[in-house]
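Dumping the structure here so I can ask a few things about it.
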Amino acid sequence: MSKKPDRKIRLGQLLSPFGIGQLVNFPNDETLMVSGLDAWDEMIDHRIQNAGFDHIDLSEFEIREPRLERLLGVSKFRKPFPFRESSRQNSRLTIPGVRFPQWHYCIRCGTMSQKGLSMPDIPRCSSGDCRGRLIPVRFVAVCPQGHIQDVPFLDWVHPDGIEDQEHILTYSAGKGSGDLSSIVIDCSCGARRSLAGIMNEGALDNISTCSGHRPWLGPIGITQPQSCDNSLRVVIKGGSNVHYAHIKSALYLPKTGDTTPELVQRVIERQESTLRSFYDLDNDGRALKLFLANQPEVKSGHLTIEELLQHVIDFIETDNDNNDVEINSDFDIRIQEYQYLNIGRDSENSDFKAVVKQFSDSEEGNFLAELFEHVVLIEKLRETRVFSGFSRLNSEDGRSLRNRINDLSVNEKDWLPAHVVYGEGIFIKFNDQKIDEWLTTANGNINELISRYHQEQADRMGEYEPRDISPAFILLHTFAHLLINRLCYNCGYGSSSLRERLYYSSSENNRMNGVLIYTSSGDSEGSMGGLVRQGKEGNFYKLVREIIEDARWCSADPVCMDVGSTTGQGPDSLNGAACHNCAIVPETSCEEFNRLLDRSCLIGTYSNPNSGFFANTNI
């Protein structure tokens, strides 16, 4: 009896890095692609047919976040279903996938063959009596519009055309240096060609253009392709440029006002959906009043029914008004969060507890007050993360948000996959006046970096509207990265366990200059308070001093600083003085894919050391 394949993925990874359309490499050289939303619904329907409606409870997977629902145009979100071998409800649900790439080769004889997307078992060689195990080839072909297909090996071996006869390919890895020239494709007709140069840009232009395939949608994604004539680019199937997940996220913001008593908050958060139902159906308020009278807070005498009823009605009517607020972009979500973070909320019964800490009249406090307005200690934080599509080759491809969402399914859906994580964090509000003073003396090379970014985006997307980016944004972003690296070093956090959330706007009416660094985990409701303690005045003062020292010297200097101040470095030269030795963090921690970073914002350059934000601080 063959061993059951090991195909396990953590739930949080099913958004990023293993979201829909991504290739997942499993043990025993098996590669599968995560299927689209239609297949997820089919999995539920199939389980209902086999076990009955009473064995499925979709409410277990439902996640609500009104602001993200309005932004993404859906009515709800669903978390990926966990696999359970046996239970009363929601058992034996798996995340669907397809077998891709379809080109495989035999580990014994090297014979190549293409297998079906829906083939459930690991394929075997059918050449003669071989029966060797087939493993997928290492390469796929992608285009900038998110399409992916098999590498056209037949056309590669026969660049002058294929005669009308049967062609059987053989894959030979050879025993050379391991580069592409050591991999040779032989054809039964006698033609042969190595893969040298196949990954070069434009290598397939004279052979094939994109076929518009979307295999994550199943066979229909190939038999009914999208129209596309973009150039194909051959990449390694496990490469980071095969799939960039686009995640939209929002922090949970309490719906009740600051003056709402704690016990009232507890009732509303516990019974919100039921309270809304009674409010909508009730004409005279009797049913709502009767329901509230049975709440333990009222029965115990800690709340009067009249007080609770009035707070509940005020909450529902005010929240209904808030639901009419337009959410058209990430900026609309960020500005709300920014306002909440700066006000704070000291509540034990909410998934958002933030305490604003002003600086004291001490030497440490005075030093920090010159640079920052305050620090907010966030002891409780809940974040909803939604998978809203993906791109290939580049993190941005110019497609609209709606087009990326539509590519996740054949039929239009009213939901998207999401995940809720809990944690803690510290929010740093920079001093606006100090930033304004610094902007007048900032290095000109920072503006050149920003110009390169806008030009690169315009070349890639065509109809590009320049983002609101200034040297202040580069400052905030670089500070966030150095803070993450320092926290990992000081506190023992894993390199990918911290994330940044940037709050920046130069708009006069909605100005933002803040950074949130937080830890979040889908496996528990927060951590042990270690990050929050680092935000206390004494600890934060030491952190800032260490960050300044870290910015002053990189182990790759003087090269890092010199190259960063002239031509730039990193992908598309979109970083200044920032490399893996100083300011780069894991991709999962950064909102900008490790671009738009420059240490010279903090400490100046060798030729102009007084141009940094921290240059004239007393340290």
Side-chain angles (χ1 to χ4, degrees), residues 8-19 22 24 63 79-80 82 240 243-252 337 341 351-354 375-387 395 417-428 476-503 514-536 539-540 542-544 546-547 550-551 578-595 597:
K8 297 178 182 178
I9 301 178
R10 290 178 57 192
L11 291 181
Q13 293 180 315
L14 280 165
L15 298 188
S16 177
F18 301 131
Q22 173 65 303
V24 187
I63 297 172
K79 63 182 179 181
S240 60
H243 187 277
Y244 291 92
H246 288 259
I247 304 295
K248 298 294 184 182
S249 66
L251 302 182
Y252 165 78
E337 294 176 358
L341 288 168
D351 286 325
F352 179 82
K353 181 180 180 181
V375 172
V376 182
L377 309 182
I378 307 172
E379 298 181 23
K380 290 183 179 180
L381 174 151
R382 187 179 87 192
E383 181 190 26
T384 301
R385 299 172 57 80
V386 181
F387 183 84
S395 58
H419 194 48
V420 174
V421 292
Y422 298 86
E424 61 178 352
I426 53 176
F427 173 77
I428 301 101
L476 297 179
H477 191 204
T478 309
F479 179 86
H481 278 226
L482 294 172
L483 178 55
I484 288 174
N485 286 333
R486 177 48 57 179
L487 287 168
C488 290
Y489 182 81
N490 286 2
C491 308
Y493 288 108
S495 60
S496 60
S497 63
L498 299 179
R499 291 184 181 138
E500 68 179 6
R501 197 165 178 84
L502 305 175
Y503 296 88
V515 169
L516 170 63
I517 304 298
Y518 64 104
T519 176
S520 56
S521 169
D523 303 320
S524 62
E525 295 192 7
S527 51
M528 303 300 291
L531 183 56
V532 170
R533 284 194 293 272
Q534 293 300 309
K536 295 183 177 180
N539 294 331
F540 186 60
K542 295 177 182 177
L543 272 176
V544 173
E546 290 169 340
I547 287 171
D550 292 340
C579 68
H580 285 278
N581 297 311
C582 55
I584 302 298
V585 299
E587 292 286 353
T588 54
S589 300
C590 177
E591 294 190 310
E592 298 290 338
F593 299 98
N594 276 315
R595 301 174 303 177
L597 299 163

Item to complete: Search all heavy atoms of His481 against all heavy atoms of Ala583 and return the closest pair with its distance.
Response: ND1-O, 2.8 Å
Worksheet item: Say you draw a straight line from CZ of Phe540 to CD1 of Ile428; how long is it, rounded to the nearest 0.5 Å?
Response: 4.5 Å
Fill in: Donor-acceptor contact present, side-chain Asn485 to main-chain Cys582, <3.5 Å
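Yes, because the side chain of Asn485 sits within donor-acceptor range (under 3.5 Å) of the backbone of Cys582.
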Response to the item:
Ala480 and Val515 have their tightest heavy-atom pair at CB-CG1, 3.7 Å
Practice prompt. Return the set of residues passing salt bridge (Lys or Arg N to Asp or Glu O under 4.0 Å) with Glu591 (not counting sequence neighbours), or none when no residue passes.
Written response: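 Expected list: Arg334.
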Item to complete: Would you indicate whether the side-chain heavy atoms of Cys491 and Leu531 approach each other to under 4.5 Å?
Response: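 A side-chain contact under 4.5 Å is absent here.
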Practice prompt. Determine, step by step, whether Glu546 and Asn490 satisfy the side chain to side chain contact (heavy atoms under 4.5 Å, CB included) criterion, reporting the C-alpha distance in whole Å, the side-chain angles of both residues, the deciding distance to 0.1 Å, and the verdict.
Written response: CA-CA 10 Å; Glu546 290 169 340; Asn490 286 2; 2.8 Å; yes
Item to complete: Indicate the atoms forming the closest heavy-atom contact of Leu476 with Leu502, along with that distance.
Response: O-CD2, 4.3 Å
Worksheet entry | Backbone of Pro17 reached by a side-chain donor or acceptor of Gln22 within 3.5 Å |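 Judged by distance alone, yes, a pair lies under 3.5 Å.
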Discussion item. Lys79: which residues meet the salt bridge (Lys or Arg N to Asp or Glu O under 4.0 Å) condition with it, sequence neighbours left out?
Written reply: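 Testing Lys79 for salt bridge (Lys or Arg N to Asp or Glu O under 4.0 Å), a comparison that skips the adjacent residues, returns none.
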Worksheet entry | Residues that Cys488 engages under side chain to side chain contact (heavy atoms under 4.5 Å, CB included), provided they are two or more places apart | Ile484, Tyr493, Leu498
Practice prompt. Please report the shortest heavy-atom distance between Leu15 and Arg385, naming the atom on each side.
Written response: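 Shortest heavy-atom separation between Leu15 and Arg385 comes out as CD1-O, 3.2 Å.
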Item to complete: Could you check Asn594 against Val585 for side chain to side chain contact (heavy atoms under 4.5 Å, CB included), going step by step and ending with a plain yes or no?
Response: CA-CA 7 Å; Asn594 276 315; Val585 299; 3.8 Å; yes
Practice prompt. Determine whether Phe387 and Ile247 make a side-chain contact, defined as any pair of heavy atoms from C-beta on separated by less than 4.5 Å.
Written response: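 The answer is yes; the side chains approach within 4.5 Å.
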Worksheet item: Between Arg501 and Ser249, does any side-chain donor sit less than 3.5 Å from a side-chain acceptor?
Response: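 Per modelled atom types, Arg501 and Ser249 side chains form a pair under 3.5 Å.
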Worksheet, complete the sentence: Sequence neighbours excluded, the answer for salt bridge (Lys or Arg N to Asp or Glu O under 4.0 Å) partners of Glu500 is none
Discussion item. Side chains of Ile63 and Val386, heavy atoms from C-beta outward: is any pair under 4.5 Å?
Written reply: no
Worksheet item: Quick one: side chain to side chain contact (heavy atoms under 4.5 Å, CB included) partners of Thr588, sequence neighbours excluded?
Response: Ser496, Pro586
Discussion item. Check whether Gln534 reaches the backbone of Leu487 with its side chain - one donor and one acceptor, N or O, closer than 3.5 Å.
Written reply: no
Item to complete: Let me see the working for Lys353 and Val532 under side chain to side chain contact (heavy atoms under 4.5 Å, CB included), right down to the final yes or no.
Response: CA-CA 11 Å; Lys353 181 180 180 181; Val532 170; over 6 Å; no
Worksheet item: Are a donor atom and an acceptor atom from the side chains of Glu383 and Tyr518 found within less than 3.5 Å of each other?
Response: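 Yes, Tyr518 and Glu383 have a side-chain donor paired with an acceptor closer than 3.5 Å.
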Response to the item:
Residue set satisfying side chain to side chain contact (heavy atoms under 4.5 Å, CB included) with Phe593, at least two apart, ordered chain then number -> Tyr244, Ser395, Glu587, Arg595
Worksheet entry | Approximate separation, where rounding is to 0.5 Å, of Leu516 CG and Tyr503 OH |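 It comes to 5.0 Å.
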Fill in: Gly535 versus Ile426, closest heavy-atom pair with distance
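Taking Gly535 first and Ile426 second, the nearest heavy atoms are CA-CG2, 3.8 Å.
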Practice prompt. Could you walk me through whether Asp550 and Tyr489 pass side chain to side chain contact (heavy atoms under 4.5 Å, CB included), step by step?
Written response: CA-CA 12 Å; Asp550 292 340; Tyr489 182 81; over 6 Å; no
Discussion item. Give me the atom names and distance for the closest heavy-atom approach of Val376 to Leu341.
Written reply: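 In this case the closest contact between Val376 and Leu341 is CG2-O, 3.3 Å.
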